[in-house]
There are 2 protein chains.
Amino acid sequence: MEKFLELLNEQYRLENEQIKILLNAFEKVDIQKSEFLLLAGNVARKVYLVDKGVIRVFSDDGNQESTRRIAFENEFATSFDSFINQTPSSESIQALEEGILYELSYINVRKLNETVPAWRAFYINRIEQAFTLHYGRIEAFQSMTAKERYDALISQRPQMIARLSNKVLASYLGITQESLSRIKSKV
Amino acid sequence: MEKFLELLNEQYRLENEQIKILLNAFEKVDIQKSEFLLLAGNVARKVYLVDKGVIRVFSDDGNQESTRRIAFENEFATSFDSFINQTPSSESIQALEEGILYELSYINVRKLNETVPAWRAFYINRIEQAFTLHYGRIEAFQSMTAKERYDALISQRPQMIARLSNKVLASYLGITQESLSRIKSKV
DNA sequence: ATGCTTTTTTATCATTTGTCAATTTTTAAA
DNA sequence: TTTAAAAATTGACAAATGATAAAAAAGCAT
């Protein structure tokens, strides 16, 4: 949380009054490993800032899981489509490690967008960044093999390999656990 | 362009003064089929609103083309990463049909974001929508076969099949032309 | 530590998709 | 219209990935 405020202050200049408003909008939540923050079918009413731990956004069609987003420390995550339209989510959100989150409700996001210019600029910037992050994944799926996607992930987001189980990592890469196991053994 | 202004007015209420500012920010451009609006290596300085025709954003690694985004009438497109960071683009933008565009410079986007609240709300909304659109593609790549992605595209964006060549469509779906040809013949 | 559950690995075989090459069809230019 | 270029189709084969099953390894609760 401190790091987040630092960043915000650095880039967008915060007045003390605004810092207070911001801090009031967030709520601290302790999470246990494997705990669900959102179950598919419900509306995503919060966006989460990870203070400590890892969370994942994923869907499960009964046959296979697809991990859409992994958020580590100082990253935001939610089931975005559900959150911005406040409609039922097709995705669930789950903690992968014990940790601490700061959650922000939909209403507070919209309020902050109206009332705190620094937050608004930050919000726009975050969505732009999130867009390019996910855009990169489309590039990967369009033009790379599973092995190439894995190698790219190692160099771009090493935490992904270090902190995630093969099962989750495989579902993020869009392949089966067995394929991932083979890819890893192929040097 | 009219339709775009209508939409903006409907959803965000525009004053006459603001309409003038907006109209001045856009510039009309006639485009020929196959014409390049941006060549990879250059900075994307404009975002394009398609008034008539179709444009595509794609990359070409020398070996294969990957079509990242197709924009039809009343849709916006640019090489997003390059545009928001004003850094050289790895993508090119090309017209697929003769048509008419309205282009908006990076500077004007940022200016409008500061000065026209209706535009700003619209801009945020567009990025949010663009995000969910591309997010849907990740879902497709993660959990569907090429045939399933093709079928989904037929029902969700029939224009894609109707107006694009197989070559472009295949590169959008992330498969070879040959595979697409076989998928189509499989009923 | 012990036993149970989950994850990971390994093997075999099936399916999907890619590659390469040739042919047909379509498009565009002279 | 004629001709050349580009795109689409088809076939044969190769490579990548999935499905299923079984065994080994790791994690977790008691």
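Every chain is numbered from 1, with letters handed out A, B, ... down the list of sequences. From a predicted model like this one, the values you see are computed outputs, not experimental measurements. Keep in mind that the numbers below use all heavy atoms, side chains included, and drop hydrogens, waters and symmetry copies.
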- Message: Just N and O in the side chain of B:Thr176: are any of them under 4.0 Å from OP1 or OP2 of C:dT17?
- Response: no
- Task: Give me the ring orientation class for B:Phe26 and B:Phe76: parallel if the planes are under 30° apart, tilted from 30 to 60°, perpendicular past 60°.
- Result: tilted
- Of A:Glu178 and A:Thr145, the one whose closest DNA chain D nucleotide lies more 5': A:Thr145
- Query: Expressed in angstrom and rounded to an integer, what is the separation of A:Lys184 atom NZ from D:dA16 atom C1'?
  - Reply: 19 Å
- Query: Okay, side chain of A:Asp60, backbone of A:Gly62: is any donor-acceptor separation there less than 3.5 Å?
  - Reply: yes
- Query: In terms of the angle between their ring planes, are A:Phe122 and A:Trp119 parallel, tilted or perpendicular, with boundaries placed at 30° and 60°?
  - Reply: tilted
- Task: Send over the distance from A:Gln177 CD to D:dT20 P, rounded to a whole Å.
- Result: 14 Å
- Message: Counting only side-chain heavy atoms from C-beta out, which of D:dA8, C:dG18, C:dT7 sits nearest to B:Asn166?
- Response: D:dA8
- Over-ring placement of A:Arg137 relative to A:Tyr172, 6.0 Å and 45° cut-offs: yes
- Within residues 52-71 of chain B, the residues having a heavy atom closer than 4.0 Å to DNA chain C are none
- Message: With a 6.0 Å cut-off on the ring centroids, do A:Tyr48 and A:Tyr102 count as close?
- Response: no
- Out of C:dT9, D:dG18, D:dA7, whichever nucleotide has its closest atom nearest the side chain of A:Ser181: C:dT9
- Could you state the CE-P distance from A:Met144 to D:dA16, rounded to the nearest angstrom? 15 Å
- Query: Which nucleotide, D:dT17, D:dT9, C:dG18, lies nearest any side-chain atom of A:Ile175?
  - Reply: D:dT17
- Message: To the nearest 0.5 Å, what is the distance between CE on A:Met160 and CG on A:Leu173?
- Response: 8.0 Å
- Rounded to the Å, how far apart are A:Gln142 CD and C:dG18 C1'? 16 Å
- Would A:Phe131 and B:Phe80 count as a close aromatic pair, with their ring centres under 6.0 Å? yes
- Task: State which of C:dA28, C:dG18, D:dG18 makes the closest approach to the side chain of B:Lys33.
- Result: C:dA28
- Item | Nearest listed nucleotide, side chain of A:Arg182, among D:dA8, C:dT8, D:dA19 | D:dA19
- Task: State which of C:dT8, D:dA7, C:dT17 makes the closest approach to the side chain of B:Ser165.
- Result: D:dA7
